[in-house]
Amino acid sequence: MSIFHASAEQLELVESFVRPLEELFPVARLHRAEHTDYDNWVTAAEFGWFGISLPEEAGGIGLSVVEEALLFAQFGRHLISPGFMAASLAAKTASLSGNDELAQKILGGEIPVAIARQTAAGITLVDAENAKLCLVISAEGTKLFPVEAIQQRALLDRTQWSIALESAALPGNPIAQASEEDIGASINLLIAAQLTGIAAATLEMAVAYAQIRQQFGVAIGSFQAIKHYCTDMVMNVQAAKDMLSFSAVAMAGNQPDHRFQVASALVVATRAAFFNTGKNIQIHGGMGFSAECDAHLFLKRAHVLETLAGGLKASRAALRAENSIFGKDAAFTG
Amino acid sequence: MSIFHASAEQLELVESFVRPLEELFPVARLHRAEHTDYDNWVTAAEFGWFGISLPEEAGGIGLSVVEEALLFAQFGRHLISPGFMAASLAAKTASLSGNDELAQKILGGEIPVAIARQTAAGITLVDAENAKLCLVISAEGTKLFPVEAIQQRALLDRTQWSIALESAALPGNPIAQASEEDIGASINLLIAAQLTGIAAATLEMAVAYAQIRQQFGVAIGSFQAIKHYCTDMVMNVQAAKDMLSFSAVAMAGNQPDHRFQVASALVVATRAAFFNTGKNIQIHGGMGFSAECDAHLFLKRAHVLETLAGGLKASRAALRAENSIFGKDAAFTG
Amino acid sequence: MSESLDDFRARARSWLQENVPEHGSPMEGPESREYALAWQKRQFEGGWAGLTWPQAYGGKELSVLQQIAWFEEYARAKAPSTHNALFVGMNHAGPTLIACGTDEQKAFHLPKIMQGEVIWCQGFSEPNAGSDLASLRTKGLVEGDELVVNGQKIWSSYADIGDYQELLIRTDPASSRHHGLSWVICAMDTPGITVRPIKTMAGPAKYAEVFYDNVRIPLSNIVGGLNNGWKTAMATLSFERGTASLALQISLSQRVEELIAANDDAGVSDTLMDLRADAAALRAMSYQFAIKSETGPVGSEGSMIRLYFAELAKRVASASIDIFGIGAPQVLAEHGLGFDYFDSYSETIAGGTAEIQRNIIAERVLGLPRGSR
Amino acid sequence: MSESLDDFRARARSWLQENVPEHGSPMEGPESREYALAWQKRQFEGGWAGLTWPQAYGGKELSVLQQIAWFEEYARAKAPSTHNALFVGMNHAGPTLIACGTDEQKAFHLPKIMQGEVIWCQGFSEPNAGSDLASLRTKGLVEGDELVVNGQKIWSSYADIGDYQELLIRTDPASSRHHGLSWVICAMDTPGITVRPIKTMAGPAKYAEVFYDNVRIPLSNIVGGLNNGWKTAMATLSFERGTASLALQISLSQRVEELIAANDDAGVSDTLMDLRADAAALRAMSYQFAIKSETGPVGSEGSMIRLYFAELAKRVASASIDIFGIGAPQVLAEHGLGFDYFDSYSETIAGGTAEIQRNIIAERVLGLPRGSR
């Protein structure tokens, strides 16, 4: 039955992957300013997390983008640094550039990678303080640079957004690159996956709080307004999850409509993440507004991931460029 | 205190104007396919409703656009044919064209007027079956035509939208016209007023029903979801009413920002009317979906009025063209 | 030996190409009945009726994925809307009988439904039992081997043209709320039944009020057991929340694509892309639901899909009016100016308001505590 | 003899032009206290403090429309946000004392507030009494001519830099809900008080938890009568819902205009025009409220204006992030990247969640029946 959705076997396999996550990456770590997920970089590489969908002979795990998407949804739940996505995309970029040696090194965890988005003014770097390579995403695809080649780096913020953001100039010659056609769907899928994880985690947080927080003598979850927020949140999660799984399977099977499906997944997941992280704060009330609550961390990370995708408006524009199977002359291929 | 809002005296005066409305124009009349508000055309003229803000020497009542806006808000509540607005605007158009004789005839109720909106393809006529003149609104202003000059008239619908809609070609030489600069704010104000009335009437309908309709053993108005809809509706009404009054006073005083204020009033009232008429249907449940309930009549009329204004998007674009007093270099003039 | 999904799809596509009627269905009255029955008969004769129904009663017992493929091709071929006079029989009564009916009930009714011989109508809601279905008051008193029914139903779809009604009544006069109800097959030609069609804001009268004055129904017409009607009714509604609306979903996606093709206003593009993505997600959810329903009982995802569909349908209809305006030919469709838009207002009302459905999802799916409502 | 509104406005404009500090306020800590006090002193000395306060205590007793004109010019001149450390004194405690205080309380406190000598902080919310304020449990037992206070407050704005606190406590130990509360002036240097600042998602700690361990407060510090605190507290909150936030409203409108000036994306223009129109409507509503409040007691419109403002502020902040992106200088403002946006999340939470405010408006303004919530 895995021709449309992730199979039970795939879901189970990913379960085994994610068992270490709670221990290695408790969300609470983000409250410590000095934490860095790069401390676990080599461990992550050893788990094979950077090369889930790359063939074994290329140093990967030899699974598909379905397992990869499911894993990155878990990364989203744990607010793992987007650098981990950078590693996966950098290995693919190197591999697509024919630089297998570089890909192997990245997969092995030897060279920590950070991620950046090209902007009108240059690039925005995310969590790049411990990286040696930087993968820059743009509408044209990916480019890989040595971090030392990046000029005019300026720290925008490290505390407000709970992750280091820097602006910098776009460097010249990349050491590897991949076209949007080759890697665009991979980028969108991994970002959609993490946003889906964020939407799911905040739903669970909100429901758990609504069940225990008492006001007016009863749990606030018995109030219709809270119920309806939570229902909207769970519908968002269901839509984002199923869209993610469906699009990943289409991509793994190289279905002709897979770019349409993945672009849809990104739009659905982005909106789900914003709605759910915002409502989670509201449901938590004053507590949700406090720095010590996890709620704001999810909201902020959703913004960072949206930024890396080029912004929701750009994601919608990208979806516009795809042909729908529902279009006038298009055939259904299932 | 009438320098910012309608004064108590103005509100009282309009009260006396509107006393006959419930008797002459009960909303229930719209359930009878054969009804026509043109039956009361001469009566309306005798009340002076077509010339509230025109000077007495021109055949008007000699009040201001403040009283006119308040009256048309009541027209909105009673879903009075937009032809009545046509009469007021046609008299102004004739007067601005220097054709005082025509203006007098219109004000006297001798020549029934209908209204139409210019479209890309021609014009859309509303309730024009009993009219002798037709006032066509476009982004350039108003043009007045004899109805017999209008070619290619085709009935689009009479029942579904609870009022006759026709398409036709835009005729040639108008017998009178006014520029957008001279009459645009008058158009927007009267449409905003009627939409405000619709928003207010549906709020009251919804609240009344929520207080009596029982489900699960209690009035549905005790459910939080219904309460929150009603709260949003009353905030819409408050905003639309105060914006209408504020903008009408600004216009009556020829304040430099009055076009900005009136354009804002139209955008606020249009959204209020759509939200409130839609939620009123939802709160009425199955009853609200039935033809015999008044709820749908308000929704449909809101669409017709929005169409006459050129559409909400156009109203927003028109607001964009105005300078805000809050702009960088603008001065507050109160 | 079993046909591949692609082959099945191709076969469906070619049959539909040749058989879909040129004109859509009349919206109400006897003509709509004749149209619906003729089209159902044609599908049955072509081998396309009751795709997932048991072979014992003439069904095909195909997989849900084949059913989905059929509906997708069905919508693609612009075949008559499945939200027609057959809807209650195909998507409510039929599945309910399959799940809860006696062998006799199944043997008598299922072939008639599949073969396009009968129209079923609904009979759940009452004037004071809308979203609060458990408060219904229409009574059926046991007298010998009959029920004697008195009371009133409302919002009964297709009651004016129906042969049979799925009728939910209170058969234990001392009972209250969910207890003491029965789900009964009511022949609409039984003496004592009066039907008064209800016009809606969208125009056509596909609903009706039904009045019962000492209507006598054999006890053998009870489905799922005397006083066990709540359980049967919940089963009925759960079918509606499953794949029943798949063809409607696909039509919705097609309408979104038409809007995208027609609109060149950048200010509306974002809205349309959200609709496009959400329609794609609705399809992904429906596939997931179908796949899960093949391997075991599915939970409340069905009610989420139904609500998601309902609100998406409203948004699409609203976008259509916004883009084309109220007088445009695209808004005219075949049922009168604005029909689709006006009709969309029933999406969040009919079958329980969206507000009550949200409560139910919050309580059943998320386990939030019951509140006063 | 009285100055025309236009003349008043011109005079305000010119004073502000010459006196508005060049730099904004530090966000937290002693520096923010010093800044706020200095700016208040300057306004007082210029004759611009307590515009609507009684002349008997140094106020100007001007009309509300003059007050509005002042706030509009204040915002226009980009004077320091009124949502600063003076907010509680100027907009809560001061008006409450004017309405409910004794002559001694007024004579002692009002001049100090107006002249920029003291900072007031809030003391209403408790960990288990957020939106449900009536469930508060901090106790004040009468012993002789003192109250002995024990308990805990939370979300106390400016408690870490405050001289006085508006403290709402339960003074009748046998009471429940709205009964048996008292509104008390609490000097923050009284022994037994511990303050723990709370960092928010927006960064700076302008709130705090406050712990009370046998804190002794003279009975003469009770405002509005022993065990009559609910009424006094409701008065306090109603001031916040009136014209208090006018300067904030105007700043909001200015921010909308900045967004309009900066944005050239047609897809966002509709959103911005809605914000622009809604900001204009907010102003019209505030004028109406102010005019009505001149001639008599005003109803619950104030709570509508407050909620309208709160949600508009959130929408404006959100549009700002959407348009500029998270790393843009416009988002940096003076308080760190994204501060305004993050801070806007408190708008629909602080002082009672938007959900509870909607309930209250539905019940008090519309007369809908009380539900479980």
Side-chain angles (χ1 to χ4, degrees), chain A residues 31 117 119-126 154-162 165-167 213-218 220 222-226 228-229 274 277-278 281-297 299-300 302-304 306-308 310-313 316-317, chain D residues 125-135 154-155 176-177 197-205 207 209 265 267-268 314 318 321-329 331-333 335-339 341-356 358-359 370-373:
Chain A
H31 295 296
R117 179 83 202 185
T119 64
I123 60 175
T124 303
L125 285 100
V126 178
L155 185 68
L156 293 170
D157 173 67
R158 189 182 286 111
T159 52
Q160 299 265 90
W161 290 90
S162 303
L165 299 178
E166 294 172 77
S167 65
R213 168 72 173 172
Q214 305 255 326
Q215 289 280 272
F216 303 98
V218 293
I220 61 170
S222 64
F223 303 144
Q224 217 180 16
I226 304 290
H228 291 192
Y229 289 160
F274 282 137
T277 54
I281 290 172
Q282 182 69 20
I283 290 170
H284 276 76
M287 182 54 56
F289 184 63
S290 76
E292 70 194 57
C293 179
D294 292 343
H296 68 107
L297 302 173
L299 172 80
K300 291 169 177 177
H303 277 287
V304 171
E306 185 224 7
T307 301
L308 289 172
L312 177 55
K313 284 193 69 71
R316 290 183 179 123
Chain D
S125 294
E126 296 183 7
N128 289 303
S131 291
D132 180 15
L133 193 55
S135 70
I154 196 168
W155 305 118
S176 70
R177 306 294 305 159
I198 305 171
K199 287 265 176 199
T200 74
M201 66 180 279
Y207 300 100
E209 287 179 290
D265 180 337
V268 180
K314 263 184 101 164
S318 179
I321 283 284
D322 285 351
I323 289 171
F324 293 122
I326 64 174
V331 177
L332 189 60
H335 310 309
L337 201 66
F339 173 82
Y341 170 64
F342 296 142
D343 200 46
S344 77
Y345 278 84
S346 71
E347 294 286 359
T348 52
I349 295 172
T353 62
E355 292 74 31
I356 296 303
R358 280 194 159 69
N359 284 357
R370 264 187 78 89
S372 78
R373 227 40 273 171

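Every chain is numbered from 1 and lettered A, B, ... according to where its sequence line falls, protein lines coming before strand lines.
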**Q** Check whether A205(D) gets within reach of chain A through its side chain, its backbone, both or neither, counting any heavy atom under 4.5 Å.
**A** neither
**Q** Relative to chain A, which of G130(D), G203(D), S346(D), A354(D) shows the most heavy atom pairs under 4.5 Å?
**A** S346(D)
**Q** Identify which part of R358(D) has an atom lying under 4.5 Å from any heavy atom of chain A, answering side chain, backbone, both or neither.
**A** neither
**Q** Before you tell me yes or no, could you show the steps for R213(A) and N128(D) under side chain to side chain contact (heavy atoms under 4.5 Å, CB included), namely the whole-Å CA-CA distance, both residues' side-chain angles and the distance that decides it to 0.1 Å?
**A** CA-CA 9 Å; R213(A) 168 72 173 172; N128(D) 289 303; 3.8 Å; yes
**Q** Between the side chain of Q282(A) and the main-chain N/O of T348(D), is any donor-acceptor distance below 3.5 Å?
**A** yes
**Q** Under a 3.5 Å threshold, yes or no: a donor from one side chain and an acceptor from the other, between H303(A) and Y341(D)?
**A** yes
**Q** What distance do I198(D) atom CD1 and M287(A) atom CE have between them, rounded to the nearest 0.5 Å?
**A** 7.5 Å
**Q** Pick one of side chain, backbone, both or neither for S290(A), based on which atoms fall under 4.5 Å of a heavy atom in chain D.
**A** both
**Q** Is the side chain of Q160(A) donor-acceptor paired with the backbone N or O of M201(D) at a distance under 3.5 Å, no angle test?
**A** no
**Q** Taking all non-hydrogen atoms of both residues into account, name the closest pair between R177(D) and F216(A) and its distance.
**A** NH2-CD2, 3.9 Å
**Q** Please flag which part of I281(A) lies under 4.5 Å from any non-hydrogen atom of chain D: side chain, backbone, both or neither.
**A** both
**Q** Could you look at L299(A) and say if it's the side chain, the backbone, both or neither that has a heavy atom under 4.5 Å from chain D?
**A** side chain
**Q** Any chance you could measure I220(A), atom CD1, to T353(D), atom OG1, to the nearest 0.5 Å?
**A** 8.5 Å
**Q** For chain A, which candidate among K314(D), K199(D), E355(D) shows the most heavy-atom pairs at distances under 4.5 Å?
**A** E355(D)
**Q** Is it the case that the side chain of K313(A) and the backbone of D322(D) share a donor-acceptor pair, with hydrogens and angles ignored and the cut-off at 3.5 Å?
**A** no
**Q** For R316(A), is it the side chain, the backbone, both, or neither that has a heavy atom closer than 4.5 Å to a heavy atom of chain D?
**A** neither
**Q** Check F342(D) against F289(A) and note the closest heavy-atom contact, atom names and distance.
**A** O-CE1, 3.4 Å
**Q** Nearest 0.5 Å please: distance from the CG atom of L308(A) over to the CD1 atom of I326(D).
**A** 7.5 Å
**Q** Is Y229(A) close to chain D through its backbone or its side chain, or both, or neither, when contacts mean heavy atoms under 4.5 Å?
**A** side chain
